[in-house]
Amino acid sequence: MGWRQNRFNKWVTLVAGMYMMCIAGTTYLFPLYSTSIQQSLNYSIYDINLVSTLLSAGTWLSVLGGLYYDKFGPKSTSIAGGVMIFLGYFSLYLGLIKRMPHSSLLMGFYAFVAGQGSGWIYTAALNTSAKNFLREDRGKILGLLACCFGLCAGIFTLIFKSFYGQTDVPSF
């Protein structure tokens with residue numbers, strides 16, 4: 001029973017990891033709503049590039065996520081990453097509707113927090129699946145997870161377009 005349970009768990013973990021990667025990949029959606037931020041908050045191209053850069057930096061400079069993963073494991077890392085993604089994007093939204101301070105530096109900080117959450121979830125999904133599968137299968141598994149991360153923007157853009165019939169977010 002133990003072997004079968006372990007075999008089942010690694011596939012469940014992989015599917016969960018694919019879903020997590022789709023959530024973490026939302027950083028690639030920034031071009032979808034960047035024009036709305038720029039127009040609503042009267043940002044210059046410099047300001048919007050600052051927000052975008054800090055979002056990307058948050059995603060790819062998530063060394064703390066790796067350290068946290070090593071100490072506390074995938075479940076805690078995933079939860080912390082999810083909380084950061086929520087707080088980052090919700091703060092961006094509140095800044096966009098002018099319910100929170102919305103200078104370009106603060107909006108960049110909110111984006112950085114969302115990016116950190118994405119990086120933490122990326123770390124948890126990738127490392128857990130890498131540990132669960134045999135060495136000869138790891139490349140395929142990690143490639144599949146990376147595809148989910150990258151394809152997220154296309155998936156969410158299609159979902160957005162099906163609801164709103166357009167690919168540009170209306171200004172608030």
Side-chain angles (χ1 to χ4, degrees), residues 16-128 145-146 148-172:
M18 291 168 63
Y19 175 73
M20 289 166 54
M21 288 298 230
C22 283
I23 298 302
T26 55
T27 57
Y28 289 139
L29 286 171
F30 188 75
L32 184 67
Y33 55 86
S34 64
T35 305
S36 292
I37 293 174
Q38 190 175 11
Q39 291 173 352
S40 296
L41 300 178
N42 269 343
Y43 279 1
S44 67
I45 194 69
Y46 169 81
D47 294 329
I48 205 68
N49 284 340
L50 176 67
V51 175
S52 175
T53 300
L54 288 173
L55 177 64
S56 293
T59 303
W60 301 114
L61 297 176
S62 57
V63 174
L64 292 177
L67 297 172
Y68 191 89
Y69 177 88
D70 289 340
K71 184 155 178 88
F72 298 106
K75 185 176 181 180
S76 180
T77 305
S78 299
I79 292 169
V83 168
M84 283 188 268
I85 286 175
F86 172 76
L87 290 175
Y89 283 129
F90 190 63
S91 297
L92 277 171
Y93 171 72
L94 291 176
L96 184 62
I97 62 170
K98 300 176 181 161
R99 303 259 192 229
M100 280 182 70
H102 53 273
S103 71
S104 61
L105 195 55
L106 277 173
M107 293 292 276
F109 174 74
Y110 306 150
F112 183 85
V113 171
Q116 278 288 295
S118 291
W120 285 44
I121 286 178
Y122 185 93
T123 298
L126 213 62
N127 286 338
T128 303
L145 289 169
C148 289
F149 185 81
L151 288 174
C152 163
I155 293 166
F156 278 102
T157 300
L158 287 173
I159 292 169
F160 181 85
K161 190 172 182 176
S162 70
F163 278 106
Y164 296 104
Q166 60 191 22
T167 56
D168 189 29
V169 180
S171 297
F172 286 91

Are the side chain of Y43 and the backbone of S103 linked by a donor-acceptor contact shorter than 3.5 Å?
yes

Between the side chain of D70 and the main-chain N/O of L67, is any donor-acceptor distance below 3.5 Å?
no

Side-chain donor-acceptor pairs under 3.5 Å in residues 53-63, sequence neighbours left out?
residue	atom	partner	partner atom	Å
T53	OG1	N49	O	2.7
S56	OG	S52	O	3.4
T59	OG1	L55	O	3.1
S62	OG	T59	O	3.2

Less than 4.5 Å apart, side chain to side chain, heavy atoms only: is that true for [X] and [Y]?
X	Y	result
W120	I85	no
C22	I155	yes
I97	H102	no

Heavy-atom closest pair, residues [X] and [Y]:
X	Y	result
L87	S91	O-OG, 2.7 Å
M107	L41	CE-CD1, 3.7 Å
V51	G108	CG2-N, 3.9 Å
S36	L96	O-CD1, 3.9 Å
I121	G81	CD1-C, 3.8 Å
K98	S40	NZ-O, 3.2 Å

Heavy atoms of other groups near F109 CZ, more than 12 under 6.0 Å
no

L151, CG atom: more than 12 neighbouring heavy atoms under 6.0 Å
yes

Ring centers of F160, F163 separated by less than 6.0 Å
no

Go through the steps for L32 and F156 under the test side chain to side chain contact (heavy atoms under 4.5 Å, CB included), then give the verdict.
CA-CA 10 Å; L32 184 67; F156 278 102; over 6 Å; no

Parallel, tilted or perpendicular: which one describes the rings of F30 and Y33, with boundaries at 30° and 60°?
perpendicular

Could you give the distance from CG (L94) to OH (Y89), rounded to the nearest 0.5 Å?
15.0 Å

How long is the gap from CG on L92 to CD1 on I37, to the nearest 0.5 Å?
5.5 Å

F149 and side chain to side chain contact (heavy atoms under 4.5 Å, CB included): which single residue from T27, I23, T26 fits?
T27

Derivation of the side chain to side chain contact (heavy atoms under 4.5 Å, CB included) call for Q38 and I45:
CA-CA 8 Å; Q38 190 175 11; I45 194 69; 4.2 Å; yes

Could you walk me through whether Y69 and T128 pass side chain to side chain contact (heavy atoms under 4.5 Å, CB included), step by step?
CA-CA 10 Å; Y69 177 88; T128 303; 3.1 Å; yes

From CA spacing to verdict: side chain to side chain contact (heavy atoms under 4.5 Å, CB included), S76, Y68
CA-CA 8 Å; S76 180; Y68 191 89; 2.7 Å; yes

Just jot down the side chain to side chain contact (heavy atoms under 4.5 Å, CB included) partners of S78, sequence neighbours excluded, or say none.
M20, A124

Please assess Y93 against Y110 for the test ring pair (Phe, Tyr, Trp, His ring centres under 6.0 Å), listing each intermediate value before the final yes or no.
CA-CA 10 Å; Y93 171 72; Y110 306 150; over 10 Å; no

